[in-house]
Amino acid sequence: MVENDSYREQLVKRDVFLPSNVELTIRFTKHNTREDLGLPGELKSRLKNTDIFVPEYMGIDEAEANLYKKISRGYTSPHQVISYFPDFGQQLLEELHRSYVNLAFVDVEFSDPFISSYLANRADLDIFFTGGFDGALQETAEKNKRFMELNAVRERIILSRIGPALQEVIDKNPKFKSKKRVHVLMLIGAIHQNIYQELVQVAHQQRSETTDDTPSVLVEGLTKIEDIGTIDYQSRLNMHYSPYEFRLTDEELTESLIKAVGSILITQAFPWLTTQRHILNEIINLLSTDETRSLYETFREFDFSNYHEHKKRHFLRTNPTWLKIEDFLEDKLKYQIRSPTSL
């Protein structure tokens, strides 16, 4: 498990390096919507001039890595598997299709002990609904603090895997060995600023030991803490518990925690919104503190553990706030949610 001291020590001791001829560009993104990848075709065009592409994919296994490679080569159409991915992932696969770029995967693999610790940090609904609304805020704060601790471990894993993964791709491709600059594009969430900061230092140290101007590390996208903090409530909340000098005021922290509680509640009845963060954020921003508290109390009133999500929504319609949410979704999605079949 991640809590094991020896596991943490092994991560810290792993060497972090970049192959000597790599020019790495790290592109930070919100990775919520299709638009976060830029205009349609923008990334595909970029990949044509990229030697190695490094996408973020926590929990990847060999089959999924091979799927990405087949899509890149055009052997598999993204439309065959696209329904299994959220909006951002769907657009990424479409851009990757027939780009013929080489791929390297550096994120935590599914078999890593980290995955079980990460999954165990999900909201415990028994605790969440036991201590009342204020208790739910406290439980959410603890979960987010723990998330950032886990995030630091994940970043150490990624950093330890970057060098070997890139070197493996270079060694398998003869033209890369003799190429002065191997252009690598890494796409990763904006919260992982520490990866960039450490790799800059690593590249600087390696260059100081030679006369070459590589390896080098460049950055694109969301690079300022202020930018990250204003993305949405969840990013603001995460950054509050990060090692960076970015802290919310007490008022901002409470507001972000209330929105996080609202997110947990809404996705209990609409699980698909976990892959549609932009829509979920819009809903949450519609709700006042009193409305979120009211919704929480309605959830506490009914024991939803044995009910399908359709039945949960049927009970929730006793609350005007829930009707407000469904009205918004019907207008947004252009189809009727309160059909007889949904009861």
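This one's a predicted model, so the numbers in the text were calculated from it and none came from an experiment.
- Counting only N and O atoms by type, the side chains of H192 and N151 include a donor and acceptor under 3.5 Å apart.
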Begin from the C-alpha positions of D36 and H278 and carry the test side-chain hydrogen bond (donor to acceptor under 3.5 Å, both in side chains) through to its verdict.
-> CA-CA 11 Å; D36 291 335; H278 59 299; over 6 Å; no

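- To the nearest 0.5 Å, atom CD of residue Q167 and atom CD1 of residue I162 are 13.5 Å apart.
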Taking it one step at a time, do V54 and L103 satisfy side-chain contact (heavy atoms from CB on, under 4.5 Å)?
-> CA-CA 6 Å; V54 184; L103 287 145; over 6 Å; no

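- A salt bridge does not link D87 to R277: none of the charged nitrogens lies less than 4.0 Å from a carboxylate oxygen.
- Note on I284: it clusters hydrophobically with F133, by side-chain heavy-atom contacts below 4.5 Å among ILVMFWY residues.
- Between R181 and the options D51, N21, D213, a side-chain hydrogen bond (donor to acceptor under 3.5 Å, both in side chains) holds for only D213.
- Tracing side-chain contacts under 4.5 Å through hydrophobic residues (I, L, V, M, F, W, Y), one reaches L119 starting from V153; they form part of the same cluster.
- For CZ of R98, the number of neighbouring non-hydrogen atoms (other residues, nucleotides, ligands) closer than 6.0 Å is 12 at most.
- Qualifying side chain to side chain contact (heavy atoms under 4.5 Å, CB included) partners for A269, counting only residues two or more places apart in sequence or in other chains: R313, L316, W322.
- Residues W272 and I325 are members of one and the same hydrophobic cluster, defined by side-chain heavy-atom contacts under 4.5 angstrom among Ile, Leu, Val, Met, Phe, Trp and Tyr.
- Separating the CG atom in D112 from the CD1 atom in I60 is a distance of 13.5 Å, to the nearest 0.5 Å.
- Counted within 6.0 Å of NZ on K172, heavy atoms from surrounding residues, nucleotides or ligands total 12 or fewer; the atom is thus considered open.
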Evaluate the side-chain contact (heavy atoms from CB on, under 4.5 Å) criterion for residues V101 and I52: first the C-alpha distance (whole Å), next the side-chain angles of each, then the deciding distance (0.1 Å), finally the verdict.
-> CA-CA 6 Å; V101 69; I52 305 173; 5.8 Å; no

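- Across all non-hydrogen atoms, the minimal contact from Q234 to A260 is OE1-CB, 4.4 Å.
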Check the pair N285 / K259 against side-chain hydrogen bond (donor to acceptor under 3.5 Å, both in side chains), numbers first and verdict last.
-> CA-CA 8 Å; N285 288 330; K259 290 180 183 296; 3.1 Å; yes

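- A continuous path of Ile, Leu, Val, Met, Phe, Trp and Tyr side chains, each step under 4.5 Å between heavy atoms, connects V261 with M148, placing both in one hydrophobic cluster.
- For the residue pair A165 and V106, the shortest heavy atom distance occurs at CB-CG1, 3.7 Å.
- The local environment of NZ in K70 is sparse, with at most 12 non-hydrogen atoms from other residues, nucleotides or ligands closer than 6.0 Å.
- Pairing each heavy atom of R300 with each of T130, the nearest pair is NH2-O, 3.6 Å.
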Go through the steps for Y57 and E64 under the test side-chain hydrogen bond (donor to acceptor under 3.5 Å, both in side chains), then give the verdict.
-> CA-CA 10 Å; Y57 195 144; E64 290 164 331; 3.0 Å; yes

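- Inspection of the Q197 and Q193 side chains reveals no N or O donor paired with an N or O acceptor under 3.5 Å.
- Taking the side chain as every heavy atom from C-beta outward, I170 and K177 approach each other to under 4.5 Å.
- Using cut-offs of 30° and 60° on the angle between ring planes, the pair F129 and F299 is parallel.
- Neither side chain, E297 nor N319, offers a donor N or O lying under 3.5 Å from an acceptor on the other.
- A donor and an acceptor atom, one from each side chain of E209 and Q205, are located under 3.5 Å apart.
- Checked against salt bridge (charged side-chain N to carboxylate O under 4.0 Å, His left out), E35 has no partners two or more places apart in sequence or in another chain.
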Kindly indicate, with the supporting measurements, whether the criterion salt bridge (Lys or Arg N to Asp or Glu O under 4.0 Å) is fulfilled by K324 and E291.
-> CA-CA 10 Å; K324 176 181 177 178; E291 287 174 322; 3.2 Å; yes

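- In terms of hydrophobic clustering, with Ile, Leu, Val, Met, Phe, Trp and Tyr side chains grouped at heavy-atom distances under 4.5 Å, F176 and Y100 are assigned to different clusters.
- Side-chain contact between L18 and V217: present, with at least one pair of heavy atoms (C-beta onward) separated by less than 4.5 Å.
- Counted within 6.0 Å of CD on E62, heavy atoms from surrounding residues, nucleotides or ligands total 12 or fewer; the atom is thus considered open.
- The ring of F128 has its center closer than 6.0 angstrom to the ring center of Y296.
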Can Q138 and D134 be said to form a side-chain hydrogen bond (donor to acceptor under 3.5 Å, both in side chains), step by step?
-> CA-CA 6 Å; Q138 182 61 36; D134 291 339; over 6 Å; no

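- Considering all non-hydrogen atoms of both residues, Y118 and M58 come closest at CE2-CE, 3.3 Å.
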